[in-house]
Amino acid sequence: MPVSNEQITEHVFLRALYRDAYYPDHVVDLGKAILLRLCERIETERPADLAALYALTEVATEEFNALQDAFEAADSEIETVAREEIAEDFWFVAKTYGFGEADVEELIAVRDW
């Protein structure tokens with residue numbers, strides 16, 4: 001099911017990473033896809049509370065954990081700029097879907113980047 005939230009469809013995910021040649025677009029595209037899948041799951045499953053949202057963001061964060069290998073294979077990495085950009089987009093997603101009280105650190109709690 002494609003994402004239907006207009007704020008999400010108009011948002012440029014991982015914008016700073018696309019602007020920086022250090023991050024290869026084909027790998028950033030994979031990160032963008034992770035975030036869009038998260039949005040699809042939120043729209044499909046409609047989490048009722050923060051605990052349910054955090055369960056969904058945990059899965060997406062684990063996908064970013066696995067994406068580290070792709071960054072490294074492309075002579076890049078998820079470092080400070082990337083970490084902040086990813087975290088901001090997780091926060092944007094939470095806020096857009098009505099979870100403005102979400103803790104950004106909790107949204108990405110299982111990260112190893």
Is any side-chain heavy atom of Leu56 closer than 4.5 Å to a side-chain heavy atom of Pro47?
yes
Would you say Leu50 ends up clustered with Val59 if hydrophobic residues are merged whenever their side chains have heavy atoms under 4.5 Å apart, either directly or through other cluster members?
no
Could you measure the distance from the CD1 atom of Ile78 to the CD atom of Glu72? Nearest 0.5 Å is fine.
8.5 Å
The complete set of side chain to side chain donor-acceptor pair (under 3.5 Å) pairs with one or both residues in residues 91-103, sequence neighbours excluded, reads Glu43-Tyr97
Salt bridge present between Arg111 and Glu62 (N-O < 4.0 angstrom):
no
Verify, without hydrogens or angle tests, whether Thr61 (side chain) and Thr57 (backbone) share a donor-acceptor contact under 3.5 angstrom.
yes
Check Arg83 against Thr80 and note the closest heavy-atom contact, atom names and distance.
NH2-OG1, 3.0 Å
Quick one: sort the Phe13 and Phe92 rings into parallel, tilted or perpendicular, breaks at 30° and 60°.
perpendicular
Does any part of the side chain of Phe99, heavy atoms only, come nearer than 4.5 Å to the side chain of Val93, both counted from C-beta?
no
Return the minimal non-hydrogen interatomic distance between Gly31 and Leu14, and the atom names on each side.
C-CD1, 3.6 Å
How far does CZ of Arg19 sit from CD of Glu85, to the nearest 0.5 angstrom?
8.5 Å
Crowded around Glu10 CD? As in, over 12 foreign heavy atoms under 6.0 Å?
yes
Backbone of Val110 reached by a side-chain donor or acceptor of Asn65 within 3.5 Å:
yes
Which heavy atom of Ala60 sits nearest to which heavy atom of Ile34, and what is that distance?
O-CG2, 3.5 Å
Between the side chains of Asp29 and Tyr18, is a donor N or O closer than 3.5 angstrom to an acceptor N or O?
yes
Using the side-chain contact (heavy atoms from CB on, under 4.5 Å) criterion, which residues pair with Ala74? Sequence neighbours excluded.
Pro24, His26, Val27
Look only at the side chain of Thr44 and the backbone of Arg41, and say whether a donor-acceptor pair between them is shorter than 3.5 Å.
no
Does some side-chain heavy atom of Lys32 sit less than 4.5 Å from a side-chain heavy atom of Asp89?
no
Do Leu107 and Leu53 touch side chain to side chain, with heavy atoms closer than 4.5 Å?
yes
What one should report as the nearest heavy-atom pair of Leu17 and Ala82 is CD2-CA, 3.6 Å
Return the CZ to CZ distance between Phe71 and Phe64, rounded to the nearest 0.5 Å.
7.5 Å
Nearest heavy-atom contact between Ile86 and Trp113 is CG2-CH2, 3.5 Å
